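Model, not experiment: these values are computed from the prediction. One-based numbering, in listed order, for ligands and for the atoms of each.
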Amino acid sequence: MLTNNKNVLAWVDEMAALCKPAKVVWIDGSDEQLQALREEAVSTGEMMWLNQEKLPGCMYHRTAVNDVARVEDRTFICSTKEEDAGPTNNWKSPQEMHGILTPMYYGVMEGKTMYVIPYSMGPIGSKMSKVGVEVTDSIYVVLNMDIMTRVGKRAFEQLGDESNDFVRGLHAKADIDDKKRYIAHFPEENTICSINSGYGGNVLLGKKCFALRIASYQGKNEGWMAEHMLILGIENPQGETKYICAAFPSACGKTNLAMLIPPEVYAKEGYKVWTVGDDIAWLRQGDDGRLWAINPENGFFGVAPGTNLKSNPNALHTTEKGTIFTNVALNNENNTVWWESLDKNPPVDATEWKGAKVNGPEYVAAGNKLAHPNSRFTAPAKNCPCISPEFDNPQGVPISAIVFGGRRAKTAPLVYQSFDWKHGTFVGSIMASETTAAAAGAVGVVRRDPMAMLPFCGYNMGDYWQHWLDMGEKLGDKAPKIFHVNWFRTDDEGHFIWPGFGDNMRVLMWILARCEGKADAVETPIGYEPKPEDINIEGLDISVDTIKELLSVDKASWMDDITREGTGIEAFYAKFGDKLPAEMRKQLDALKARLA
Ligand code: OXD
Ligand code: MN
C-alpha cells in the first residue's frame, strides 16, 4: 500500500469489490515496476518494442479498429440537474448512469489485474496541482499515464493522509464494445467512469476527463479556470520572457504553435520560444493579482500524421525516445514508425495501422492511409528541445495574453484584439471552425466551439461564460489582453494566404507589443486590428497589401455568421435560454450595431 489515506483506501477497496480482479497492483512510479510492466505488455502482445537503437525506450500499440478516437456521443456529464450539464453536453442523472454502469463493471476484471495509478495533474508541490487516482485493467493505460502525468508515491504525498480532494477514475476495457462504450463524468462526485474503450482520449482519465471536464467544474466552484489552451513563452534578446495562452479547436495546430521555431528575422536577434504546454492550461489569480498558468500534464499526446521536420521538428525530436506510438504504421525494414507526411517515402515493407502487411508506396498510391489519421504519440515533455525552464515551476507562469483561434476560410481576419475582457469573453464564445476537405462530409460547415471547450466543458456553457466574466472582474486591470487569430484564410483558389507555422510568431509579436503598449491599432467593428505595416514581413514572400487583405473585415459575412440558420451565433446562443449571461447578449447586440 502506498498511502494511509483512508478515503483512497476505502474507494480502491470498493472498486476491487465491484470489478473483482484477481489481484490489485499499486503503481509506485519506480523504473523497476514500470519496466516489468513494459515487458509483461510485450509478452502478451498488448505492446511491442520498436528499434531500440533508433528509438530507445519506444513502444508500439494498436487499438481495436472500432476504438480510434474520442467518442463525443458516448461522453456524458452526469450532474443531478440536467440544466447543469447544459445544451452542449449529453446528460444522464447520476442515478440512471450508475444504474447502467454498475452492472457492467460487476466482475469485469475477473482473472485480471487491477492497477491503481496515483497521479498528480501539475507539478508536485504546486498549490495549483490536483491529485487523481485511476484504477484500470490496462498496462497500456498505466504506461501512458506515466508519461502524461506525474505518477506514483509522490502523488499520494501531494494528496496527504486526510484529504478527500482527489478525482476517482474507474476504467475497464471490458469487450471494447462500441455500443456499450461510456465515458461518464460525475462532477458532483469527483468521479469518472470509462468502459469499453482502450483509446487514449477515453481512457487516460487525467487528460480531457479530469483536467478539462471535471477541473472546469472545480474551477468554477473554487475561482480558477481549466482551459483547452497551449502555453508558450517568448524570450526577448534581453532575456525577458512573456507568456501566452492559446485556445484552438482540436486539429488546428496547437502542438505546432506551442513548439514553434522562430523565423530567421527573430532568431538572428536572439528571440527564443519556450513550450510550457500544448493542450491544457490551469489558470489562477496569483498573489500579485495577475493570472498565472500551469500545464497540468507531463507529456504530449499528439497527432502523428502531419508532424514532420518542416511542420514541427521539436515535436518530432520529442518522440525519439521513451515514446508510445499508437495506430501509426510500422516500417518493417528497421522496426520503426511511419505516418502520412512524415516524409515522402512510405516504407515498402510496411504494416498499416490495422495490422496488415502491405507494400507502402502501392498502398498509399491506391488512396489508403498507412497510419490512422488520429494516430498518436505519447511523449515525455522533458524530451522536448524547447521545453520551458519554468515547466516544473510550482508557481506557474504569468500570462500576458490569451489568444483564441479557429479555422475560417473567409470571416475572421489574421488577428484582432478585443476591446476589453468582457468583449474578449464574447470573442471566445463565438469561436468556430470550418470543416476541411481532409475530413469526410461537406466542406466549409461551421462548428461553433466556444473557447475550444465544446466537448470539454463539464457544466453548462452559459454558466461557464459567466465564470469567465467573474474572473475578469476579479482580475481587473491585471487581466491578460484577449486576441483572436486565424491562420487559415484562403484565396479564391482555396490556397492558404498566410504562411503559418513558425511565421505565426510575427502575429504573436504584435500581440505582445500590444500588451506592452508598444504598438498602435486600428479600431474596426470587430475589435482592434494591427496597422498592416506593423506585422513584420521581413524575409517573407508576401506584401503589405496581402496583410491588408488578411486583415480585411467583410461586414456582410460577419452578419451572415451572426444570423445564419443552424450554425450562426444567434441560433447557438438561443440554445442557452436564460443561462446566457445578459452581458453576452449585450455584446452581440453591440457587434451588430457596429456592423450595421
Ligand atoms: C486532443 C483533442 O486530443 O483536443 O487534444 O482532441
Ligand atoms: Mn486537445
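- When atom types are taken as modelled, the side chain of Ser341 and the backbone of Pro305 share no donor-acceptor pair closer than 3.5 angstrom.
- Taking 4.0 Å as the cut-off between side-chain N and carboxylate O, Asp503 and Arg506 count as a salt-bridged pair.
- Cation-pi check for Arg407 over Phe488 is met; the charged atom lies under 6.0 angstrom from the ring centroid and within 45 degrees of its normal.
- Under 4.0 Å from ligand 1, not a single heavy atom of Lys254 appears.
- The protein heavy-atom contact nearest to atom 5 (O) of ligand 1 is Lys208 NZ, 2.9 Å.
- What sits closest to atom 6 (O) of ligand 1 on the protein, heavy atoms only, is Arg70 NH2, 2.9 Å.
- Among the atoms of Lys208, an N, O or S atom is found under 2.8 Å from the Mn ion (ligand 2).
- Of all atoms in ligand 1, listed by their number and element, those nearer than 4.0 Å to a heavy atom of Asp279 are 5 (O).
- At a 4.0 Å heavy-atom cut-off, ligand 1 does not touch Glu72 at all.
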**Request:** For the pair Trp465 and Tyr573, evaluate ring-ring contact (aromatic ring centres under 6.0 Å, His included) and give the outcome as yes or no after the intermediate values.
**Result:** CA-CA 11 Å; Trp465 292 329; Tyr573 270 13; 5.6 Å; yes
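- Close contacts between ligand 1 and His228 involve ligand atoms 4 (O) [criterion: under 4.0 Å to a heavy atom].
- Residue Phe248 does not touch ligand 1, judged by heavy-atom distances below 4.0 Å.
- The shell of residues lying under 4.0 angstrom from ligand 1, judged by heavy atoms, includes Phe456.
- The N, O or S atom of Asp279 lying closest to the Mn ion (ligand 2) is OD1.
- Note that Arg168 lies in the cation-pi zone of Phe166, set by a 6.0 Å cut-off to the ring centre and a 45° limit from the axis.
- Under a cutoff of 6.0 Å and an axis angle of 45°, Lys254 and Phe248 do not form a cation-pi pair.
- A cation-pi geometry, defined here as NZ or CZ lying under 6.0 Å from the six-membered ring centre and within 45° of its normal, does not hold between Lys220 and Tyr464.
- Within 6.0 Å of atom NZ in Lys410, more than 12 heavy atoms from other residues, nucleotides or ligands are found, so the atom counts as buried in its surroundings.
- Residue Ser250 has at least one nitrogen or oxygen atom sitting less than 3.5 Å from a nitrogen or oxygen atom of ligand 1, judged on distance alone.
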